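Step one of this worksheet: look at the structure below.
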Amino acid sequence: MNRTPRQWFAAVGTITMAMGVLAGCGGDQPASKKTDAAKPADTKPADTKPVEISIVMPQVGDIPAKGNTIEQAIEKYTNTKLSIQWVPNSTYDEKINVMIASNELPKILKVNYVPTIINTAQSDQFWEIGSYLKDYKNLAAQNAQYYENIKIDGKLYGIPNYREIGRPAVIYRKDLMDAAGLKMPKTLDEWYNVVKTLSEKNGKDTYGFMLDKKYNDGANSVLSRLSVSQGGVNKWGVDGSGKFTPEFLTPQFVDTLKLFRKLYSEKLINQDFPALDATEMDKQFESGRAVIKINGVATNAANIQDRIVKVVSTAQMDITSWEGPSGPRISGQSGNNGFLAFPKSTVKNEAEVRQLLSFLDKLLDKDMSLLQKRGIEGVHHKKADNGFVEWTDLTAFNREVKPYRDNLINFETYNVPPLKDTELAMKGYKMEPEGLKYAIANPALTLSSKTYSERGKELDTQIADAQTKYIVGKIDDAGWADEVAKWRKAGGDSLIKEYEEAFAKNKK
């Protein structure tokens with residue numbers, strides 16, 4: 001739907017008028033303590049001048065035009081002037097490393113929980129903000145586990161980009177599965193048979209599922225997701241005696257790796273996956289080249305349905321939890337998509353830290369939560385019965401609002417009206433919080449390890465590259481064993497020992 005600037009501003013006018021009044025309210029204080037006593041003793045009267053905030057965030061879809069209506073509404077409500085730098089997701093971590101090394105940083109930096117960032121925090125380059133949270137009503141209201149999951153050496157260096165812990169799900173073309181008389185697989189043998197049948201039935205260059213070059217990257221690893229469903233561990237396993245085992249030494253993971261190798265050798269998965277960007281893979285999926293999407297999350301299904309029918313009008317998406325022979329088992333995520341940190345090189349004092357925390361806290365207010373999660377009333381959604389809202393233009397929302405929703409601070413279950421939506425969408429909304437019941441945790445998520453802090457990225461890359469070499473046939477079983485031995489010698493054995501020591505220390 002195309003709109004003129006006049007139509008856009010008419011639609012947003014009502015909420016921005018309300019935001020203008022609320023922007024000056026004390027969003028950085030608990031709801032029950034709207035007095036000066038809740039503020040630091042040296043706090044001065046609020047300055048009405050907008051706070052200038054620079055932010056670096058990964059690009060999701062097309063880069064929003066500077067000064068667009070959504071960004072203006074956020075600025076109006078929070079009394080800020082935003083300068084957002086969008087960096088392609090495929091090169092984001094590398095770009096952040098360069099920015100840290102050159103000390104060219106914004107005031108808010110979205111980072112991932114990776115060794116370089118852990119080292120940066122440990123070297124005192126980010127503000128520690130744990131003691132401030134109690135002063136911000138919305139930030140303080142969130143489950144403490146979300147903050148625990150991003151702590152480094154017991155300290156909090158940012159605000160999580162909140163996500164449900166049990167989000168991972170399998171999204172698939174129900175129309176094609178039904179046409180082939182297939183049910184979603186549970187065992188690895190069933191996965192092989194389903195993928196083979198779909199590929200043969202739907203023709204050359206059509207796959208049961210596709211992979212991209214980050215198929216085994218971090219918390220989104222599809223190797224982890226599938227092996228966990230088979231009874232495996234989530235990244236690391238720990239037994240009753242405190243002994244740690246990396247996932248790639250478990251039989252469930254090795255069997256999953258062998259499945260991928262077999263699929264590749266028989267050309268049943270895309271041969272270009274080691275070089276394929278995730279965004280390109282998604283485009284190919286949505287053009288009909290694959291049936292099952294194994295790197296998705298529950299609430300993505302409706303968005304994919306909205307896009308895919310414009311290319312394949314008969315497509316019908318569905319969604320299911322990861323399930324294996326013993327029932328649902330989900331590779332539990334960290335509860336965040338990275339976190340927002342405040343570099344000390346650009347955020348000079350506590351007053352500036354509090355300005356940034358106030359900005360993020362206001363993003364969790366009802367008006368901002370509504371804007372980020374549902375868009376603008378009359379443009380992207382409208383009110384429905386019983387407190388629900390419903391989409392009026394989901395395509396426009398995905399284009400115009402989703403980049404902000406995915407990178408700023410919001411939470412589906414906090415200060416957001418429920419959606420009266422398609423059956424598929426509402427299924428996804430229900431599945432994500434329910435997934436927590438079936439989530440398998442990573443016991444090493446926040447354990448301290450000198451080896452991982454210093455060489456974690458190198459070790460992760462080493463074993464990830466070995467997985468790819470094994471899948472594409474560059475090494476055999478003996479070669480895989482050699483690569484594991486190299487990982488152990490390069491620091492893997494030290495890493496295991498340090499995790500065991502940290503785990504034992506935490507239990508005391």
Side-chain angles (χ1 to χ4, degrees), residues 3 5 7-31 34 38-39 43 45-55 57 64-84 86 106-108 110 132-133 135-142 159-162 340 342 351-383 389 396-397 399-417:
R3 300 180 180 85
Q7 289 171 320
W8 267 110
F9 281 97
V12 79
T14 301
I15 65 168
T16 53
M17 286 176 63
M19 290 173 185
V21 174
L22 292 171
C25 294
D28 59 343
Q29 299 174 42
K34 296 293 186 179
K39 299 180 181 180
T43 298
D47 192 343
T48 57
K49 182 180 179 181
V51 177
E52 295 187 4
I53 300 178
S54 53
I55 311 176
M57 298 190 299
K66 178 63 180 173
N68 65 77
T69 308
I70 302 303
E71 198 165 305
Q72 288 190 46
I74 294 171
E75 290 178 329
K76 182 77 172 180
Y77 185 91
T78 60
N79 192 33
T80 58
K81 184 65 177 177
L82 303 179
S83 176
I84 300 176
W86 301 92
K107 289 188 175 182
I108 297 180
K110 184 175 180 182
Y132 301 141
L133 282 185
D135 298 329
Y136 301 88
K137 66 179 188 299
N138 295 318
L139 298 176
Q142 307 313 311
I159 300 299
N161 189 220
Y162 306 105
L340 305 182
F342 311 142
E352 288 190 36
V353 172
R354 287 189 172 276
Q355 286 180 330
L356 299 177
L357 287 171
S358 179
F359 164 68
L360 297 180
D361 192 67
K362 288 174 183 176
L363 291 178
L364 285 168
D365 282 350
K366 287 184 177 180
D367 287 314
M368 285 290 94
S369 294
L370 175 65
L371 179 68
Q372 293 179 83
K373 301 295 285 187
R374 306 290 185 254
I376 299 170
E377 183 179 353
V379 177
H380 306 108
H381 75 269
K382 64 180 179 181
K383 292 180 179 179
V389 300
F397 175 88
R399 183 178 64 249
E400 298 150 359
V401 187
K402 188 175 183 290
Y404 299 94
R405 181 201 71 182
D406 287 357
N407 285 297
L408 293 175
I409 302 299
N410 50 76
F411 207 13
E412 181 66 32
T413 54
Y414 185 79
N415 270 347
V416 180

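Being a predicted model, the structure only gives us computed values, none of them experimental.
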| query | Roughly how far, to the nearest 0.5 Å, is the CG atom of L82 from the CD atom of Q72? | reply | 11.0 Å
| said: What I'd like to find out is whether the side chain of S369 reaches to under 4.5 Å of the side chain of V416, using heavy atoms alone. | reply: yes
| What are the two closest heavy atoms between L370 and P417, and how far apart are they? | CD1-CG, 3.7 Å
| Verdict with supporting geometry, L340 and I55, side chain to side chain contact (heavy atoms under 4.5 Å, CB included) | CA-CA 9 Å; L340 305 182; I55 311 176; 5.7 Å; no
| said: Less than 4.5 Å apart, side chain to side chain, heavy atoms only: is that true for P50 and T80? | reply: no
| Which heavy atom of G375 sits nearest a heavy atom of F397, and at what distance? | N-CE1, 3.5 Å
| query | Pick one: which of K66, K81, K76 meets salt bridge (charged side-chain N to carboxylate O under 4.0 Å, His left out) with E71? | reply | K66
| query | Can you name the side-chain contact (heavy atoms from CB on, under 4.5 Å) partners of P160, sequence neighbours left out? | reply | Y146, Y147, I150, Y162, N336
| note | Heavy atoms of Y414 and A141 approach each other most closely as OH-CB, 3.7 Å
| said: Quick one, V51 and F359 - any side-chain contact, counting heavy atoms below 4.5 Å? | reply: no
| task | First locate atom CG of N79, then atom NZ of K49, and finally report the distance between them rounded to the nearest 0.5 Å. | result | 11.0 Å
| query | Say you draw a straight line from CG of L139 to CD1 of I159; how long is it, rounded to the nearest 0.5 Å? | reply | 4.5 Å
| said: Quick one about Y404 and N410 (side-chain donor to acceptor, distance below 3.5 Å, no hydrogens or angles considered), yes or no? | reply: no
| field | Close side-chain approach of I74 and L363, heavy atoms under 4.5 Å | value | yes
| query | Between N138 and D365, do the side chains contain an N or O donor and an N or O acceptor separated by less than 3.5 Å? | reply | yes
| message | If you compare all heavy atoms of Y132 against all heavy atoms of R354, which two are closest, and at what distance to 0.1 Å? | response | CD2-NH2, 3.5 Å
| By salt bridge (charged side-chain N to carboxylate O under 4.0 Å, His left out) - contacts of K110 (at least two apart) | none
| query | Which heavy-atom pair separates L371 from V401 by the least distance, and what is that distance? | reply | O-CG1, 3.3 Å
| Who passes salt bridge (charged side-chain N to carboxylate O under 4.0 Å, His left out) against E412, sequence neighbours left out? | K373, R374
| request: Mind listing the closest non-hydrogen atom pair of K107 and L356 along with its distance? | output: O-CD1, 3.7 Å
| query | Taking atom CG of L360 and atom CG of N161, what is their separation to the nearest 0.5 Å? | reply | 10.0 Å
| Do M57 and L408 touch side chain to side chain, with heavy atoms closer than 4.5 Å? | yes
| message | Once rounded to the nearest 0.5 Å, what's the spacing between atom CD of E377 and atom NZ of K383? | response | 5.0 Å
| message | Let's go through H380 and I70 carefully: what are the C-alpha distance in whole Å and the side-chain angles of both, what is the deciding distance for side chain to side chain contact (heavy atoms under 4.5 Å, CB included) to 0.1 Å, and is it a yes or a no? | response | CA-CA 11 Å; H380 306 108; I70 302 303; 4.2 Å; yes
| task | Kindly indicate whether the side chain of L364, heavy atoms from C-beta on, has any atom under 4.5 Å from the side chain of Y136. | result | no
